[in-house]
Amino acid sequence: MTKNPAVRLFWTAMGGIACFAGFLLVVRHYSRWMDSSGTFLIRRIEIEGNDLVPEKDVLKRAAVRKKGNIWEVDLGGVEKRIEADPLVRNAVVARHFPDVLSIRVDEKKPLALLNAGGRLFAVDSGGVVLPARAGKLYELPVVTSASPESASLGRTVRDESVLKCLGLVKLIMAERPDLYADISEVAAGQQGGLVVYTRQDGIPVRMGGDEYERKIRILEALIRQWEARSGGAKIDYVDLRFNGQVILGMGA
């Protein structure tokens, strides 16, 4: 064995270069094998979570080449194309080797029903109009505009009064979820104020135009009191518009 350090360094370097070259040949061969082998051709695309968006529409937006190589699929690109659908909140695409591609769709969820010209449309928290599936009943509060406009599937409602109503419904859902089930309608009233109608007895509650967090707490307390009472005078309306006051309109 040579004792010269320079010679040893030379042969060590040459050995490293040879190993690296061999590694590149193996990688190139493996890459060619993956491209030519039928093992990684997509044979099935599984779609989950879609209810509003038909499967064929998901596949069209995904634009995945049939029998294409599973390695060639740009997962992020497929997700962005599917999420471009106005009814989709987000999508997750994953490879399941060797030949299955899965697409998980998270659709937008209806928060309320929009009363537009006497017709009811499902809408999400951002005002996007969603399809109402035939035969499917929605136990959702109705939002009613002061000046009803037409609604188009997949479009965002621009009516400020509708968006304000939806904002209140969203606040109730977030802050007082039990109260959400007790609300039948939120409507735009006079001078921009909102009116909430209770599901039981349809009592109108005049909410005004501000301090909704405080007012929904008062409303929930009132409803719980009404549930506990038996008999008594009929309540025609509740007015919460004035600070520090709860006005009850009592009937016979």
Side-chain angles (χ1 to χ4, degrees), residues 86-87 89 108-130 132 138-229 232-252:
L87 306 183
R89 182 160 48 188
K108 294 177 179 176
K109 303 297 188 291
L111 176 72
L113 296 175
L114 170 64
N115 182 359
R119 295 181 59 192
L120 295 179
F121 298 85
V123 288
D124 78 341
S125 59
V128 176
V129 180
L130 309 177
Y138 291 94
E139 289 294 327
L140 304 172
V142 175
V143 294
T144 303
S145 168
S147 54
E149 64 175 28
S150 59
S152 300
L153 181 62
R155 298 291 182 87
T156 301
V157 177
R158 301 299 180 187
D159 188 322
E160 289 296 329
S161 64
V162 168
L163 296 178
K164 194 171 182 179
C165 291
L166 286 173
L168 178 55
V169 175
K170 187 177 179 180
L171 180 65
I172 291 172
M173 172 68 89
E175 299 290 332
R176 303 284 167 173
D178 290 341
L179 180 60
Y180 177 78
D182 294 318
I183 300 303
S184 67
E185 183 179 359
V186 178
Q190 297 178 349
Q191 300 176 346
L194 301 183
V195 179
V196 170
Y197 292 85
T198 63
R199 191 173 297 277
Q200 182 176 355
D201 299 329
I203 301 171
V205 182
R206 300 166 186 168
M207 302 288 284
D210 56 11
E211 297 186 2
Y212 292 134
E213 292 89 346
R214 177 180 62 85
K215 292 173 182 177
I216 62 176
R217 291 197 300 270
I218 296 173
L219 175 56
E220 184 176 40
L222 287 172
I223 289 178
R224 300 299 168 250
Q225 290 179 13
W226 299 340
E227 290 174 343
R229 83 177 194 271
K234 180 180 180 296
I235 299 174
D236 288 333
Y237 68 88
V238 178
D239 199 333
L240 301 179
R241 292 176 297 172
F242 307 104
N243 188 28
Q245 298 184 51
V246 178
I247 301 174
L248 299 181
M250 310 298 292

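It should be emphasised that the depicted structure is a prediction, and the values quoted were computed from it without experimental measurement.
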Give me each pair satisfying salt bridge (charged side-chain N to carboxylate O under 4.0 Å, His left out) with a member in residues 109-121, each pair once, sequence neighbours excluded.
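Qualifying pairs: Asp106-Lys109.
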Look up atom [atom1] in [X] and atom [atom2] in [Y], then write down how far apart they are to the nearest 0.5 Å.
| X | Y | atom1 | atom2 | answer |
| --- | --- | --- | --- | --- |
| Glu220 | Glu175 | CD | CD | 11.0 Å |
| Lys170 | Leu163 | NZ | CG | 11.0 Å |
| Leu219 | Arg214 | CG | CZ | 12.0 Å |
| Ile247 | Tyr237 | CD1 | OH | 6.5 Å |

Taking all heavy atoms of [X] and all of [Y], pick out the closest pair and write down the distance.
| X | Y | result |
| --- | --- | --- |
| Pro86 | Gly154 | CB-O, 3.3 Å |
| Leu140 | Pro110 | CD1-CB, 3.7 Å |
| Thr198 | Ser184 | O-OG, 3.3 Å |

Is any side-chain heavy atom of [X] less than 4.5 Å from a side-chain heavy atom of [Y]?
| X | Y | result |
| --- | --- | --- |
| Val238 | Leu222 | yes |
| Val196 | Leu168 | yes |
| Leu240 | Arg206 | no |
| Pro141 | Glu185 | no |
| Val123 | Leu166 | yes |
| Glu211 | Asn243 | yes |
| Tyr197 | Ile203 | no |
| Met207 | Ile216 | yes |

Is Lys215 salt-bridged to Asp210, cutoff N-O under 4.0 Å?
yes
Working note: Lys234 + Asp236, criterion side-chain contact (heavy atoms from CB on, under 4.5 Å); need CA distance, chi angles, decisive distance, verdict.
CA-CA 6 Å; Lys234 180 180 180 296; Asp236 288 333; 3.2 Å; yes
As a test of understanding, state which of Arg176, Gln200, Arg224, Arg199 forms a side-chain hydrogen bond (donor to acceptor under 3.5 Å, both in side chains) with Asp182.
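That would be Arg224; it is the only one of Arg176, Gln200, Arg224, Arg199 passing the side-chain hydrogen bond (donor to acceptor under 3.5 Å, both in side chains) with Asp182.
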Could you please spell out the steps behind the side-chain contact (heavy atoms from CB on, under 4.5 Å) verdict for Val162 and Leu114?
CA-CA 8 Å; Val162 168; Leu114 170 64; 3.8 Å; yes
Counting only N and O atoms by type, is there a donor-acceptor contact under 3.5 Å from the side chain of Lys164 to the main-chain atoms of Ala188?
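Not a single qualifying donor-acceptor pair exists.
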Backbone of Asn115 reached by a side-chain donor or acceptor of Thr144 within 3.5 Å
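Not confirmed, Thr144 side chain does not pair with Asn115 backbone.
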With side-chain contact (heavy atoms from CB on, under 4.5 Å) as the test, would you mind laying out the steps for Val129 and Ser152 before giving the verdict?
CA-CA 7 Å; Val129 180; Ser152 300; over 6 Å; no
side-chain contact (heavy atoms from CB on, under 4.5 Å) evaluation trace for Ile183 with Val169
CA-CA 9 Å; Ile183 300 303; Val169 175; 5.8 Å; no
